[in-house]
Number of protein chains: 2
Amino acid sequence: MLTEKISAAGMRLTPQRLAIVAFLEGNTGHPSAEDIFHAVRRRYPSMSFATVYNTLEAMKGVGIVRELKIDASRRRYDPNTKRHHHLMCDCCGKIVDIHVDYRLDLPAQVAEEFEVIGNHVEFFGTCRPCRERAPGIAG
Amino acid sequence: MLTEKISAAGMRLTPQRLAIVAFLEGNTGHPSAEDIFHAVRRRYPSMSFATVYNTLEAMKGVGIVRELKIDASRRRYDPNTKRHHHLMCDCCGKIVDIHVDYRLDLPAQVAEEFEVIGNHVEFFGTCRPCRERAPGIAG
DNA sequence: TTTTTTGCAAAGGGTTTGCATCCCC
DNA sequence: GGGGATGCAAACCCTTTGCAAAAAA
């Protein structure tokens with residue numbers, strides 16, 4: 001449970017955080033801060049953007065969520081911290097998880113200059129619904 | 001030359017575009033719109049952000065430049081359209097090109113649902129200068 | 001009680017837009 | 001000359017900040 005990770009990290013368990021965590025737990029939709037804000041606001045009408053961003057930043061720092069840079073116009077958050085990658089549809093923007101562990105070695109020359117901690121692969125292309133909706137255009 | 005690609009694409013060759021292109025040609029620094037704006041403005045004091053963004057958007061649409069999403073707080077642009085990947089230093093933010101052609105196959109189940117057009121790998125870690133500057137902290 | 005967290009509202013930074021003018025082709 | 005491109009300024013969107021009030025531990 002994410003809640004356990006939060007208190008284990010020394011973060012306080014506030015109802016707002018519990019609500020945010022409840023929304024994120026098992027969520028594979030890669031929600032933005034606004035998505036989270038609106039979803040959580042239904043239960044906590046006083047919820048503010050500041051709290052959403054504060055909480056996400058704190059959880060990010062403790063490794064509970066991951067910030068995705070796959071969308072150029074907003075940050076998205078992923079509660080799945082297991083190593084995985086993403087595929088984004090150029091047409092509808094849908095983001096899909098891919099659980100594959102690729103072995104990606106750097107050229108020796110580069111490896112000398114950088115100590116790699118991790119990697120992330122973004123695939124881009126078109127999803128089947130988009131292809132079927134607009135054949136020859138979407139792809 | 002990028003200028004040839006511009007006119008070949010039916011885009012007009014304005015002095016502003018030539019200046020932007022001159023700055024981008026061979027530039028491996030992954031500049032942001034603001035970087036481009038300031039660099040070009042030295043020669044063309046009337047240059048506006050609108051023109052920079054218009055031009056980048058147009059060039060992007062024609063495949064002359066690529067928009068990088070590696071930086072969460074701003075878009076960066078890469079005139080290198082050859083297949084390559086990037087490594088970003090978590091510490092100083094430096095972005096380095098990696099010219100490797102990885103073979104990344106999707107799981108069959110995913111491949112049925114998505115037609116992949118391309119991929120991009122982001123490595124994150126620490127560059128040598130950062131490690132030497134703050135050993136044990138930076139990495 | 002102590003320290004963190006919240007919520008508001010305003011500010012900040014990057015990007016986009018509307019529109020009159022300009023100028024490449 | 002015509003249609004695309006420019007430049008300005010304002011608007012927009014997402015994110016961050018300051019600070020007083022509230023609440024977790």
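Naming: A, B, ... by sequence-line order, numbering from 1 per chain.
Here the side chain of A:A50 is nearest to one of D:dT16, D:dT6, C:dC8, namely C:dC8. Checked against C:dT16, C:dC24, D:dT15, the side chain of B:T14 finds its nearest nucleotide in C:dC24. Distance from the side chain of A:R12 is smallest to D:dA23 among D:dA23, D:dG7, C:dC24.
Between the CD1 atom of B:I6 and the P atom of D:dA5 there is a distance of 11 Å, rounded to whole Å. The interatomic distance linking B:L56 (CG) with C:dT15 (P) rounds to 10 Å, in whole Å. At whole-Å resolution of the value, CG in A:L13 and C1' in C:dT5 are 12 Å apart. Residue A:R41 contributes atom CZ, which lies 15 Å from atom P of C:dT6 at whole-angstrom precision. Atom CE in A:M47 sits roughly 14 Å away from atom C1' in C:dC8 (whole-Å rounding). As rounded to whole Å, 15 Å separates atom P of C:dC23 from atom CG of B:L18. B:R17 places its CZ atom 11 Å from the P atom of D:dG4, with the value rounded to the nearest Å. Atom-to-atom, NZ of A:K69 to P of D:dT15 comes out at 14 Å; the value is rounded to the nearest Å.
Looking at heavy atoms from C-beta onward, B:I98 lies out of side-chain contact with B:V121 at the 4.5 angstrom threshold. Two residues are said to be in side-chain contact when any heavy atoms from C-beta on lie closer than 4.5 Å; A:M59 and A:I6 meet this criterion.
Rounding to the nearest 0.5 angstrom, the gap separating the CD atom in A:E67 from the OH atom in A:Y77 is 4.5 Å.
Between A:Y53 and D:dT15 there is a side-chain N or O to OP1 or OP2 distance below 4.0 Å. The side chain of A:Q16 contributes no N or O atom lying less than 4.0 Å from OP1 or OP2 of D:dA24. Remark: B:T51 is not in phosphate contact with D:dA5, judged by side-chain N or O atoms under 4.0 Å from OP1 or OP2.
Between B:E115 and A:R128, none of the side-chain N atoms (NZ, or NE/NH1/NH2) sits under 4.0 Å from a carboxylate O, so this pair counts as no salt bridge.
Within the 4.0 angstrom heavy-atom criterion, only backbone atoms of the sugar-phosphate kind lie near A:S73; the bases stay farther away. A:P45 comes within 4.0 angstrom of no nucleic acid atom, judged by non-hydrogen atoms across all strands.
Of the two residues near DNA chain D, B:G10 and B:F49, the one whose nearest nucleotide lies more 5' is B:G10. Nucleotides of DNA chain C nearest to A:S48 and B:N54 differ in position, and the one nearer the 5' end is that of A:S48. Comparing B:S7 and B:R76 along DNA chain C, the residue whose closest nucleotide (by nearest heavy atom) sits nearer the 5' end is B:R76.
Judged purely by atom type and a 3.5 angstrom limit, A:R41 uses its side chain to pair as donor or acceptor with the backbone of A:M47.
A donor-acceptor contact under 3.5 Å is not formed by the side chain of B:R74 with the base of C:dT15.
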